[in-house]
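Take a look at the structure set out below.
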Amino acid sequence: MNAPSAPRKIRIATATLGGCFGCHMSLLDIDERLLALVEIAEFDRSPLTDIKHCGPGVDIGLIEGALCNAENVHVLREFRANCKFLVAVGACAINGGLPAQRNRFDVGDILKKVYSDAPDGRSRVPNDPELPLLLDKVYPIHDVVRVDYFIPGCPPSGDALWKFLTDLIGGRTPRLDYPQFHFD
Amino acid sequence: MASLEAAASPEKLRRIAIDPLTRVEGHGKVTLLLDAENKVHQVRLHIVEFRGFEAFIEGRPYWEVPVTVQRLCGICPVSHHLAAIKAMDAIAGYSHLTPTAEKLRRLMHYGQILQSHAVHFFHLASPDLLLGFDSEPTRRNIVGVAAEFPDLAKQGVLLRKFGQEVIRHTAGKRIHGVGAIPGGVNKALSEPERDSLRSEIDQMILWARDAVRMIARLHEVHPAFYSGFGAFRANMMGLVDRHGALDLYHGSLRARDADGGPIFDHIDYSTYEKVLTEEIKPWTYMKFPHIRALGPEAGWYRVGPLARIQICAYLPSELAEIERRDFLALGAGKPVHGALLYHWARMIEALHAAEVIRDLLDDPDIAGTELMAERGERQQEAVGVIEAPRGTLFHHYRVGEDDLVKFCRLIVSTTNNNQAMNEAIRAVASEYVDGRVLTEGLLNHIEVAIRAYDPCLSCATHAIGQMPLEVDLVDADGALVDRRRKNLGGA
Ligand code: SF4
């Protein structure tokens with residue numbers, strides 16, 4: 001990857017924790033600019049690639065989604081350890097977003113409710129060791145690691161993500177103009 | 001071979017995990033249990049996330065639901081928006097819509113089908129088909145496809161963009177729009193907006209047809225492999241219109257068996273509980289729906305493009321119907337069941353969606369301004385069903401006099417395919433993994449089978465039950481010998 005002959009490509013990693021994938025879809029909303037982006041950048045771990053773990057030397061790590069279970073925390077720490085700039089993308093990563101609506105309840109009660117409302121009336125909460133431990137509450141990512149940038153929106157628009165990335169890659173302080181924030 | 005759902009003595013086996021599944025939306029993992037000879041004893045697709053959406057939506061005002069529910073899934077937010085709004089129309093007392101409102105919702109929905117099918121095929125699945133299942137994993141992605149097939153990659157990006165623009169013009173935003181409200185829609189399509197979409201649609205139709213033909217050519221190279229990969233007999237279910245034609249926005253439920261014989265037909269979807277029920281298993285948060293009369297063993301079914309285009313009488317769009325007939329010729333009168341055939345069926349539907357979009361844009365009603373219907377009597381309970389890109393999607397609500405939601409049940413498309421996806425990975429594991437030395441490429445075969453179903457693990461997660469995806473191998477003493485996560489470069 002660091003072939004001396006070619007200029008080194010910017011390395012970008014992305015992950016979705018407890019999110020809806022909408023922030024990733026918004027990244028694809030840069031449309032044709034995606035083809036320009038891959039000229040200067042390459043992807044490390046991301047749902048778009050088959051790289052399953054974030055490797056060292058990543059320049060920009062984009063995190064979608066909140067922390068809902070132990071595995072989310074693990075992935076987030078792996079990103080923080082390997083990414084120069086870590087970015088919280090969207091409402092879920094920044095403040096928990098929709099998944100954090102469960103914070104009004106006890107997680108055990110919710111599980112029981114969801115798995116006993118089954119049409120056959122029996123309650124069987126899935127409990128296999130393959131299922132990662134749920135956290136008691138849903139947390140924003142800055143509760144666990146240091147975050148370098150926050151991009152608000154649900155999701156932030158493709159244009160906002162493009163402006164952010166081109167600023168950062170171009171060595172400028174990323175700035176988003178007010179109209180680039182999209183709130184419902 | 002036994003069902004592979006549960007090994008007789010799992011503690012003696014080696015666990016291999018494919019974790020996380022990649023090039024799918026959301027989180028999942030597959031676990032495999034193998035013995036000392038690498039014989040496969042157990043294969044499971046797990047959905048590891050849990051959101052509890054149905055629990056926390058209770059107590060919220062009903063009119064908020066069609067907007068919040070989209071946050072289940074950023075890939076098909078329109079499907080959740082519209083399934084919820086169909087239920088909330090009835091709750092709020094609207095038994096019909098104005099022609100303009102219904103057509104605008106249809107336009108939004110077919111834009112959604114087009115963009116979702118494009119993103120799935122071009123951005124996520126095409127690297128396997130075009131570069132090879134066991135090609136170099138660092139290049140097996142959309143970037144690798146763009147390097148080798150730049151025109152194709154660009155067409156994929158532009159097809160998706162067009163679908164997203166249809167959504168933006170009808171819903172207000174590309175992702176998580178707010179266009180539909182109980183009783184109608186809140187935004188008209190202006191004539192300039194209509195004309196700008198109309199000016200591009202003919203090109204989109206051609207590109208969508210090119211994509212269908214390209215898949216047909218890939219099939220021609222190795223027909224037995226393409227038809228046989230991840231194949232198993234399954235029932236099929238989906239919505240059809242009054243005439244039995246495919247209608248992705250509205251219709252009644254039809255189920256056919258693996259030979260195409262009738263199971264049920266024209267079931268009013270608000271009575272789905274009479275024909276369908278769900279089972280829970282401890283190893284996944286995703287439930288297992290099945291046809292009540294047939295039971296969990298025989299009653300599970302497949303939804304989505306491969307089911308839909310085979311159970312309908314015809315596609316009401318000219319070019320797509322021609323392609324569908326070519327496709328049906330594969331089975332010589334019988335349904336076909338191969339996992340990779342999903343891609344072919346999916347692109348036929350993308351072509352169909354593009355043609356429907358053109359017809360809607362040509363309809364004078366589409367630029368009308370009668371957006372809200374007359375209000376009638378309120379209901380306490382309602383069901384909204386739609387054919388989402390991945391299959392039949394059910395939203396079921398009860399709402400009190402105080403406007404607050406009292407009960408919510410969602411059966412999402414991916415959940416409807418839960419058993420079918422598990423069958424697919426078991427079929428592939430038996431054929432390609434059983435007794436062999438594991439390589440990254442072989443493990444990718446399992447993911448190829450899952451990807452064919454285009455699972456949306458985000459949807460599956462937010463709803464009641466979901467599973468994680470990862471594949472694990474455990475040795476004869478129960479120790480985790482090889483936790484295959486399909487690591488980069490790991491052979
Ligand atoms: S911020 Fe919004 S779009 Fe992004 S993951 Fe969360 S719910 Fe989805």
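Remember, predicted model here, so these are calculated numbers, not experimental data. Chain naming here is simple, since letters A, B, ... match the order of the sequence lines and numbering starts at 1 in each.
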For this session: Check each atom of A:Leu37 against the heavy atoms of chain B and say whether the ones under 4.5 Å are side chain, backbone, both or neither.
Result: neither
Problem set entry | Value rounded to 0.5 Å, distance of NZ in B:Lys173 from SG in A:Cys154 | 6.0 Å
For this session: Could you tell me whether A:Glu32 and B:Lys154 make a salt bridge, using a distance below 4.0 angstrom between a side-chain N and a carboxylate O?
Result: no
For this session: Identify which part of B:Leu124 has an atom lying under 4.5 Å from any heavy atom of chain A, answering side chain, backbone, both or neither.
Result: side chain
For this session: Taking heavy atoms only and a threshold strictly under 4.5 Å, list by residue number the residues of residues 139-148 of chain A that touch chain B; give 'none' if the list is empty.
Result: none
Problem set entry | Most chain A-contacting option - heavy-atom pairs closer than 4.5 Å, from B:Ala153, B:Ala55, B:Gly74 | B:Gly74
Exercise. If you look at every heavy atom in A:Leu98 and B:Phe53, which pair is closest and at what distance?
Worked result: CD2-CE1, 3.7 Å
Problem set entry | Heavy-atom contact with chain B under 4.5 Å, split by part of A:Leu28 | both
For this session: Sort B:Arg60 into side chain, backbone, both or neither according to what part of it lies under 4.5 angstrom from a heavy atom of chain A.
Result: side chain
Exercise. Would you call A:Ile110 and B:Glu54 a side-chain contact if the rule is heavy atoms closer than 4.5 Å?
Worked result: no
Problem set entry | Which residues share a side chain to side chain donor-acceptor pair (under 3.5 Å) with B:Glu165, sequence neighbours left out | B:Arg168, B:Arg174
Seminar exercise, completed: Heavy atoms of A:Arg45 and B:Pro20 approach each other most closely as NH2-CG, 3.8 Å
For this session: Answer yes or no: is there a side-chain heavy-atom contact under 4.5 Å between A:Asp50 and B:Thr22?
Result: yes
For this session: Determine whether more than 12 heavy atoms belonging to other residues, nucleotides or ligands lie under 6.0 Å from atom CZ of A:Arg33.
Result: yes
Problem set entry | Engaged part of A:Leu48 at the chain B interface, taking heavy atoms whose separation is under 4.5 Å | both
Exercise. Of the backbone (N, CA, C, O) and the side chain (C-beta and beyond), which part of B:Glu273 lies under 4.5 Å from a heavy atom of chain A, both, or neither?
Worked result: neither
Problem set entry | Worked check of side-chain contact (heavy atoms from CB on, under 4.5 Å) between B:Val143 and A:Phe43 | CA-CA 9 Å; B:Val143 182; A:Phe43 286 100; 4.1 Å; yes
Exercise. Which residues satisfy the salt bridge (charged side-chain N to carboxylate O under 4.0 Å, His left out) test with B:Arg160, sequence neighbours excluded?
Worked result: A:Asp29
Exercise. Is the CZ atom of A:Arg175 crowded by more than 12 outside heavy atoms at less than 6.0 Å?
Worked result: no
Would you tabulate the side-chain donor-acceptor contacts of residues 18-25 of chain A under 3.5 Å, counting partners in other chains and residues two or more places apart, or write 'none'?
unit_1	atom_1	unit_2	atom_2	d
A:His24	ND1	A:Glu64	OE1	3.1
A:His24	NE2	A:Thr14	OG1	2.8

Exercise. More than 12 non-hydrogen atoms from neighbouring residues, nucleotides or ligands closer than 6.0 Å to NZ on A:Lys84, yes or no?
Worked result: no
For this session: Output, in order, the C-alpha distance, side-chain angles, deciding distance and verdict of side-chain contact (heavy atoms from CB on, under 4.5 Å) for B:Thr138 and A:Glu42.
Result: CA-CA 10 Å; B:Thr138 54; A:Glu42 57 193 0; over 6 Å; no
Exercise. Checking heavy atoms, do the side chain of A:Asp109, its backbone, both or neither come under 4.5 Å from chain B?
Worked result: neither
Exercise. Less than 4.0 Å between a side-chain N and a carboxylate O, is that true for B:Asp19 and A:Lys52?
Worked result: no
For this session: State whether B:Glu58 and A:Arg104 are salt-bridged, where the test is any N-O pair (Lys NZ or Arg NE/NH1/NH2 against Asp/Glu carboxylate O) under 4.0 Å.
Result: no
